[in-house]
Asks: 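Dumping the structure here so I can ask a few things about it.
In this chain, residues are counted from 1 in sequence order.
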Amino acid sequence: MSGHPGNPEPLSPRAKLAVTAGKAAAAVSRAAGRGSGSVIGGRVALKLDPDLLGRLAQHLDVVLVSATNGKTTTTRLIAEALRASGPVVSNALGANMPAGITSALAGGSDAKYGVIEVDEKYLAGVARDTTPKAIALLNLSRDQLDRAAETRMLAEKWREGLSGTKAVVIANADDPLIVWAASSSPNVVWVAAGQEWKDDAWSCPSCGGVMQRPGDDWFCGECGFRRPAPSWALNGDHVLDPHGSAWPIHLQLPGRANKANAATSAAVAAVFGVPPQVALERMYQVQAVAGRYDVVTFQGRELRLLLAKNPAGWLETFSLIDQPPAPVILSVNARGADGTDTSWLWDVDYGRLAGHPIMVIGDRKLDLAVRLEVAGVDFRVCETIDEAVQLAPPGQIELIANYTAFQDVRRRVGN
């Protein structure tokens, strides 16, 4: 279903009714204090018109972004870059399943671009409905094992779902699972974005053999599956484009992972004709993403809010925090949106927090306490964030939380 960007065909009466009903349901949900209403609004709209997502996308140049980690931030960076070339509609707050995506696009009738974050499980279906011009694939690692498939199975689903796609696929050459998933696509732009967490990519996704990893390279010694030559690369504080030019990355967002997100976003923007220099300059405007990286004042103390949902995310987050003796509050829940299985705590190297004063809160604070005890780091278990902040020694507090724990903290600190 390819339409004409900037020249939308009028929606059918049924589609218009679906959009109106969805917006009304969202407004009721907001008024009742139940969040943004985007998910319930999208569900109502799709009930009335199951093809609505495709209809809303037909006049847009669509980019889909999917990954285990970094998709919300990368979606935001791409949207900022593409605004240099025209109006953008995006599900910037991370409602990334079909209902949330439909809700977001319903508000973008005048947009030229749709920049859409997609939950990993739904990528193939959303790609089928929205006929994207570009798809960005960042990384795959274990996450919510009670809900999502094991990573190799997820990569296989992507590989099947994207086989023969007309979209330009912008993919991380350093993640073997991403390379396996993307290599069924006829048009792939490879980005050397790096891969800090390697524990989900020691066996070859193609044949199951043991992966060899000399330096930054990787290959399977048994079947010959290997790292493709990238045309874009993250090199320190610069992005190298396909011509070998180095463009400086200036971000307000911290850490190597966000530089990698910026490198991928620059490669995506180039598909739409936005030059790297323009794209990267615009990304500087992004200060926080749905509360992540925000520094807030609470009870007279400064807290920096950091989100880490799975082992790979925790590893990246540990590299962002201030050195000891900066105080750290850790909060872990295991509600539906987090995944109810907390066995992933044992895959995180909490020994890296040695020397930090640590306070532990959240629904699963005792699970986390056992893990920290085994890691041999000192900590205190607290009932509330208020108590944890009062016990924290001087200095900016680094607060690291998983998904619903992060939302709880934001509500409490008024962010």
Asks: To the closest 0.5 Å, what do you measure between CD (Glu316) and CG (Asn139)?
Replies: 8.5 Å

Asks: Looking at CG of Leu280 and NE2 of His250, how far apart are the two atoms once the value is rounded to the nearest 0.5 Å?
Replies: 9.0 Å

Asks: Quick one: list whatever passes ring-ring contact (aromatic ring centres under 6.0 Å, His included) with Trp218, sequence neighbours left out.
Replies: Phe225

Asks: At what distance, to the nearest 0.5 angstrom, does OG of Ser141 lie from CD of Glu196?
Replies: 12.0 Å

Asks: Below 4.5 Å, heavy atoms only, C-beta onward: do Thr72 and Thr74 meet side chain to side chain?
Replies: no

Asks: On a heavy-atom basis, which atom in Arg14 and which in Pro50 lie closest, and how many Å separate them?
Replies: NH2-CD, 3.7 Å

Asks: Could you tell me if the side chain of Asp349 sits less than 4.5 Å from the side chain of Trp314, heavy atoms only?
Replies: no

Asks: Verify whether one side chain among Asn172 and Gln195 offers a donor that lies under 3.5 Å from an acceptor in the other.
Replies: no

Asks: Any sub-3.5 Å donor-acceptor pair from Arg159's side-chain atoms to Trp180's backbone N or O?
Replies: yes

Asks: At their closest point, which heavy atom of Leu52 faces which heavy atom of Ala45, and how far apart are they?
Replies: CD2-CB, 3.6 Å

Asks: Given side chains that start at C-beta, do those of Val179 and Asp175 come closer than 4.5 Å, heavy atoms only?
Replies: no

Asks: Would a distance-only check, ignoring hydrogens and angles, find a side-chain to backbone donor-acceptor pair under 3.5 Å from Asp119 to Lys121?
Replies: yes

Asks: Test side chain to side chain contact (heavy atoms under 4.5 Å, CB included) on Val191 and Ile170; report intermediate values, then the result.
Replies: CA-CA 7 Å; Val191 181; Ile170 298 90; 3.6 Å; yes

Asks: Under the criterion side chain to side chain contact (heavy atoms under 4.5 Å, CB included), I'd like the reasoning laid out for Ile358 against Val360: C-alpha separation, chi angles, the key distance, then a yes or no.
Replies: CA-CA 7 Å; Ile358 299 169; Val360 179; 4.1 Å; yes

Asks: Does a salt bridge link Asp408 with Arg411, judged by any charged N lying under 4.0 Å from a carboxylate O?
Replies: yes

Asks: Could you pull out all residues at least two apart from Arg227 that satisfy side-chain hydrogen bond (donor to acceptor under 3.5 Å, both in side chains)?
Replies: Asp174

Asks: Any side-chain to backbone donor/acceptor pair from Thr297 onto Gly300? Under 3.5 Å, distance only.
Replies: no

Asks: Applying salt bridge (charged side-chain N to carboxylate O under 4.0 Å, His left out), which residue pairs with at least one partner in residues 213-225 are found, sequence neighbours left out?
Replies: Asp217-Arg226

Asks: Between Thr264 and Ala260 (side chain of the first, backbone of the second, donor and acceptor by atom type, cut-off under 3.5 Å), is there such a pair?
Replies: yes

Asks: One pair to check against side chain to side chain contact (heavy atoms under 4.5 Å, CB included): Leu399 and Val413. What are the steps and the verdict?
Replies: CA-CA 12 Å; Leu399 190 146; Val413 303; over 6 Å; no

Asks: Identify the two heavy atoms, one from Gly41 and one from Ser103, that lie closest to each other, and give their separation to 0.1 Å.
Replies: C-OG, 4.1 Å

Asks: Hey, what do you get for OG (Ser66) to CD1 (Ile178), rounding to the nearest 0.5 Å?
Replies: 8.0 Å

Asks: In terms of side-chain heavy atoms, does Asn310 have a donor or acceptor partner in Asn69 at a distance below 3.5 Å?
Replies: yes

Asks: Do any N or O atoms from the side chain of Ser231 and from the backbone of Val189 form a donor-acceptor pair under 3.5 angstrom?
Replies: no

Asks: Does any donor atom in the side chain of Asn258 or Asn261 lie under 3.5 Å from an acceptor atom in the other side chain?
Replies: yes

Asks: Verify, without hydrogens or angle tests, whether Arg371 (side chain) and Leu345 (backbone) share a donor-acceptor contact under 3.5 angstrom.
Replies: yes

Asks: Quick check: are there more than 12 heavy atoms from other residues, nucleotides or ligands sitting under 6.0 Å from CZ of Arg43?
Replies: no

Asks: Quick test of your reading: applying side-chain hydrogen bond (donor to acceptor under 3.5 Å, both in side chains), list the pairs with at least one residue in residues 234-243, sequence neighbours left out, ordered by first then second residue.
Replies: Asp237-Lys259, Asp241-Trp247

Asks: So, taking the atom named NZ in Lys157 and the one named CG in Leu162, what distance separates them when rounded to the nearest 0.5 Å?
Replies: 13.0 Å

Asks: Just wondering, do Val348 and Leu315 contact through their side chains at under 4.5 Å, heavy atoms?
Replies: no

Asks: For residues Cys220 and Cys207, report the shortest heavy-atom separation together with the two atoms involved.
Replies: SG-SG, 3.6 Å

Asks: Can you check side chain to side chain contact (heavy atoms under 4.5 Å, CB included) on Leu303 and Val295, steps first, answer last?
Replies: CA-CA 5 Å; Leu303 281 73; Val295 175; over 6 Å; no

Asks: Tell me, yes or no, whether the heavy-atom count around Asp322 atom CG, taken from other residues, nucleotides or ligands under 6.0 Å, exceeds 12.
Replies: yes

Asks: Pick one: which of Leu306, Leu305, Leu307, Leu253 meets side chain to side chain contact (heavy atoms under 4.5 Å, CB included) with Arg292?
Replies: Leu307

Asks: Is there a donor-acceptor contact under 3.5 Å from the side chain of Arg76 to the main chain of Ala290?
Replies: no

Asks: Locate the shortest heavy-atom distance separating Leu320 from Gly255; write the atom from each residue and the value.
Replies: CD2-CA, 3.0 Å

Asks: Give a yes or no on whether a salt bridge exists between Arg335 and Asp363, defined as a side-chain N under 4.0 angstrom from a carboxylate O.
Replies: yes

Asks: Donor-acceptor check, side chain of Ser185 to backbone of Asn187, threshold 3.5 angstrom: yes or no?
Replies: no

Asks: Taking atom OG1 of Thr317 and atom CG of Leu330, what is their separation to the nearest 0.5 Å?
Replies: 10.5 Å

Asks: Using atom types as modelled and distance alone, determine if a side-chain donor or acceptor of Arg301 lies under 3.5 Å from a backbone N or O of Ala392.
Replies: yes

Asks: Taking the side chain as everything from C-beta on, heavy atoms only, tell me whether Asp61 gets closer than 4.5 Å to Leu82.
Replies: no

Asks: Does the pair Lys71/Glu120 count as a salt bridge with the N-to-O cut at 4.0 Å?
Replies: yes

Asks: State, without any angle test, whether Thr404 and Asn333 hold a side-chain donor-acceptor pair at a distance under 3.5 Å.
Replies: yes

Asks: Side chain of Thr130, backbone of Val126: donor and acceptor closer than 3.5 Å?
Replies: yes

Asks: Do Val389 and Ile329 come within less than 4.5 Å of each other through their side chains, counting heavy atoms only?
Replies: yes

Asks: According to ring-ring contact (aromatic ring centres under 6.0 Å, His included), does anything in residues 266-297 pair up with another residue at least two apart or in another chain? List the pairs.
Replies: Tyr113-Phe272

Asks: By side-chain hydrogen bond (donor to acceptor under 3.5 Å, both in side chains), which residues pair with Arg83, not counting sequence neighbours?
Replies: Glu80

Asks: Do Met359 and Phe379 have side-chain heavy atoms sitting under 4.5 Å apart?
Replies: no

Asks: So do Ile321 and Val328 actually touch side chain to side chain, heavy atoms under 4.5 Å?
Replies: yes

Asks: Does Arg364 form a salt bridge (charged side-chain N to carboxylate O under 4.0 Å, His left out) with Asp338? I'd like the steps, not just the answer.
Replies: CA-CA 11 Å; Arg364 304 305 281 269; Asp338 306 302; over 6 Å; no

Asks: For a quick test of reading the model, state the closest non-hydrogen atom pair linking Met283 to Ser265 and the distance between them.
Replies: CE-CB, 3.6 Å

